[in-house]
Amino acid sequence: MSTYKIALLDGDGIGPEIMAEAVKILKLVEERNDVIFDLVHTPFGASAWFETGSSYPDESKKVTDEADAILKGPIGLSHEESKKIPVDEQPERGALLPMRRRYNTYANFRPVYLPKGLVHFSPLKPEVIGDGIDIMMIRELVGGLYFGNKETGINEDGRRYVNESLEYNEDQIKRIMKVAFKTAMKRKKVLHNIHKSNVLKSSVLWNEVMEEVHADFPEVEVVNILVDAAATYLCLNPDMFDTMVMENMFGDILSDQGGGILGSLGLMPSACVGDKKAYYEPSHGSAPDIAGKNIANPYSMIGSVAMMLDISFDMEEESKKVWNAMQSVFADGFSTPDLSKEGSGVTMISTSDFGSKVAEALSKI
Ligand code: IPM
Ligand code: MG
């Protein structure tokens, strides 16, 4: 019997509601398997700042340090509410990026997945989607512009200026490339390398290192594509992509576009993996406008549990079953009001009912 300690960071907005559904699934997985999950809720995000004066309090750092894996809800508030918190303590800069840095979670997996039966969720035409969408976006998560040196001030001409650097060293690129090639080997053996080497020197180094790592994975076909072109092709022909790798900011932007072609960021779970620790989170924000209404879909949170089972606990089969259970609830004609429109032919259910239906489906698989 294995025991795993999981830190649960509910986060802000819809976070606690969708976390409750993820916990339902974790409890059921525990019942069905030879495993014990020790679940510890701990504050994180804007709510933590209002409660404790820190968006990633020391007490939470202790819990996440000791955890075998971390499940994190979305964080952040509306623009107006955020302004009540000092800039450096706002949860993105004060909690999320520090956690990524603390655990060096450099490999961010963002599956963009929509099975054939669910293509009606997508804003793309069925003939564009074909057999569904199945892309694994891999985003470098602890380097580049988001983590580079930042400087603001007044220049010699008395004008305000800002200077932010995009930094990578070859080791940082090498390790994410290894992850990307290994992932491509398990999938269709085609890797789309996203870059902007016609302008950025960082992309020139990125591509050089990619070629060096490619030598160890000769079976993988590499397709180099400029980031702007990739954005277009994601809409025009998503089927041409299978595994994609990109630096931090490109990945932030293209993965949101990934959610866009699925029809919602609510369909985007993710895994953020380092050599020693991994955490799992929806790729979307905390949707404060619909918080507390029991209408947010918990898919991305439960999908993050599925990724955790596979990556952190080696429970690949159970992970697949969780994915299948979620898809089956949609396939049976149920959805939540945030994802579907009235009159679209689906039966609208609440966040908690959606979670219960996933649990019910899982218990039958
Ligand atoms: C994401 C988010 C974060 C990021 C924000 C909240 C800092 O947009 O995970 O994609 O930019 O990485
Ligand atoms: Mg983002």
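Fair warning: this is a prediction, and the values are worked out from it, not measured in the lab. Counting starts at 1 for both ligands and their atoms, following the listed order.
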Just heavy atoms, cut-off under 4.0 Å: does [X] contact ligand 1 by side chain, backbone, both, or neither?
{"X": "N248", "answer": "neither"}
{"X": "K72", "answer": "neither"}
{"X": "R100", "answer": "side chain"}

Does a side-chain N-to-carboxylate-O contact under 4.0 Å join [X] and [Y]?
{"X": "R100", "Y": "E281", "result": "yes"}
{"X": "E30", "Y": "K27", "result": "no"}
{"X": "K357", "Y": "D332", "result": "no"}

Please confirm whether the ring centroid of [X] lies under 6.0 Å from the ring centroid of [Y].
{"X": "F330", "Y": "Y299", "value": "yes"}
{"X": "Y4", "Y": "F313", "value": "yes"}
{"X": "Y56", "Y": "F44", "value": "yes"}

* Asked: When you measure from atom 8 (O) of ligand 1 to every protein heavy atom, which one gives the shortest distance, and what is it?
  -> D252 OD1, 3.2 Å
What atoms in ligand 1 come closer than 4.0 Å to a heavy atom of [X]?
{"X": "R110", "answer": "1 (C), 9 (O), 10 (O)"}
{"X": "E92", "answer": "6 (C), 7 (C)"}
{"X": "Y146", "answer": "11 (O)"}

* Look at ligand 1 and say whether R93 reaches it with a heavy atom at a distance under 4.0 Å. => no
* D252 N/O/S atom closer than 2.8 Å to the Mg ion (ligand 2) -> yes
* To do: For the residue pair N224 and H195, confirm or rule out a side-chain donor-acceptor distance under 3.5 Å.
  => no
